[in-house]
Amino acid sequence: MQSIQQLNARYGVGQKIHFYSDQNGLVTVHIENPHASAKIALQGAHVMEWQPHHSEEPVLWLSDQARFVRGRSIRGGVPVCWPWFGAHATDESLCPHGFARVAQWKIVDTVIDPDGATRIIMQLIETQQLGKQWPHHCEVTLTVIVGSALRMQLTTTNTGTAPFVLGEALHTYFHVSDIEVIKISGLDNTQYQDKVEGYAVKQQEGDIRFTEETDRVYINTESTCVIEDPGLRRRITVQKSGSKSTVVWNPWGQKAAEIGDLGSHSGWRHMVCVESANATDNVVTVAPGEVHTLEVEYSTEYYL
Ligand SMILES: O=P(O)(O)OC[C@H]1O[C@H](O)[C@H](O)[C@@H](O)[C@@H]1O
């Protein structure tokens, strides 16, 4: 594993790109540039915070009860779900949403772009143990571009000789003023699988509003979504490519209490997940030599 000293010597840039180890030994990179600041944990290549300087309130939601420990996914920010979404197709004992979100990633490069944005490129470290869960040859890279917008590219290259089937998601938690006042546009007239009702297939009419537990996989959806938050007078725009599913999730009170790390003071009320995914009907077959990229861009604007 790369030590903090090695990381700072090779990839650090003063206070602009700075690596440190938290009290639990999780290696984190802190990014500071003219547009934004961000924190990324190398466990899971997990963007925990991204804060554009023009945004007064947090854009990403991070639970105040998140556990920053080895082998456990951090509740909030952007967990990377890979190489399956939800439960494993045949073995329920395996980590839901795949192992990438709790595995170790390494830094392969850091770059300051001409416009001042910061680019952090990470690669999943293959281990024998992971090979048992995913017996395929591939290279997985996450590029995070920290600017006034946040961009992420999750790239999977099949380096083997046989095709494989991939499920994935950038499972982003967004901060909202109150789940009951926001609405999400961009999915009107599409179909979703309702996980709260055993994957019953339903039709979305109009914008999404929240009054109860919501856990939906919108299938065959590639369009941009907008989270409109009148409480903060803010719009968050979620643009994507290489993703045919959109997962929308809020657990509501009872489920949140069962989950346990979803925050004190009704933390769940202040979050919504809009996940750019390839899940259920939209899993992707990656042929030998093929490169598949799921890309997202998040931006915010305030209105009067
Ligand atoms: O608790 P986690 O494994 O992080 O999953 C959190 C949630 O992720 C997704 O949005 C799923 O659709 C939900 O069913 C799941 O509860």
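When reading the values below, keep in mind they use all heavy atoms of this one structure, side chains included, and skip hydrogens, waters and symmetry mates. Counting starts at 1 for both ligands and their atoms, in listed order.
- At distances below 3.5 Å, at least one donor-acceptor pair connects side-chain atoms of Gln204 with backbone N or O atoms of Gly206.
- Using 4.0 Å as the threshold, Arg75 has a heavy atom nearer than that to some atom of ligand 1.
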Apply salt bridge (charged side-chain N to carboxylate O under 4.0 Å, His left out) to Glu228 and Arg235, showing your working.
-> CA-CA 5 Å; Glu228 183 152 340; Arg235 286 187 202 98; 3.6 Å; yes
Counting only pairs under 3.5 Å, give me each side-chain donor-acceptor contact of residues 42-52, with atom names and distances, residues two or more places apart or in other chains.
unit_1	atom_1	unit_2	atom_2	d
Gln43	OE1	Gly71	N	3.1
Gln43	NE2	Val69	O	3.0
Gln43	NE2	Arg72	O	3.1
His46	NE2	Gly76	O	2.7
Trp50	NE1	Gly147	O	3.1
Gln51	OE1	Val59	N	3.3
Gln51	NE2	Ser55	O	3.0
Gln51	NE2	Glu57	O	2.8

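- Among protein heavy atoms, the minimum distance from atom 3 (O) of ligand 1 is reached at Arg101 NH2, 2.9 Å.
- At the top of the distance list for atom 14 (O) of ligand 1, counting protein heavy atoms only, stands Asp215 OD2, 2.5 Å.
- Atom 5 (O) of ligand 1 has as its closest protein heavy atom His97 NE2, 3.5 Å.
- Counting heavy atoms under 4.0 Å from ligand 1, residue Ile259 does not touch it at all.
- Pairs passing the ring-ring contact (aromatic ring centres under 6.0 Å, His included) check and including a residue from residues 118-165, sequence neighbours excluded, read Trp82-Trp134, Trp134-His136, Trp134-Phe164, His136-Phe164.
- Using a 4.0 Å cut-off to heavy atoms of Val247, the atoms of ligand 1 that qualify are 10 (O), 12 (O).
- Nearest protein heavy-atom contact of atom 6 (C) of ligand 1 is Trp249 CH2, 3.5 Å.
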How far apart are the C-alpha atoms of His292 and Glu168, what are their side-chain angles, what is the distance that settles it, and do they pass the side-chain hydrogen bond (donor to acceptor under 3.5 Å, both in side chains) test?
-> CA-CA 11 Å; His292 161 75; Glu168 58 183 343; 2.5 Å; yes
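- The distance from ligand 1 to the heavy atoms of Lys195 drops below 4.0 Å at these ligand atoms: 11 (C), 12 (O), 13 (C), 14 (O).
- The closest protein non-hydrogen atom to atom 10 (O) of ligand 1 is Glu275 OE2, 2.7 Å.
- Among protein heavy atoms, atom 9 (C) of ligand 1 sits closest to His171 NE2, 3.3 Å.
- No side-chain heavy atom of Val78 sits under 4.5 Å from any side-chain heavy atom of Ile40.
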Dump the intermediate steps for salt bridge (charged side-chain N to carboxylate O under 4.0 Å, His left out) on Arg234 and Asp229, then the final yes or no.
-> CA-CA 5 Å; Arg234 179 169 78 180; Asp229 186 345; 5.3 Å; no
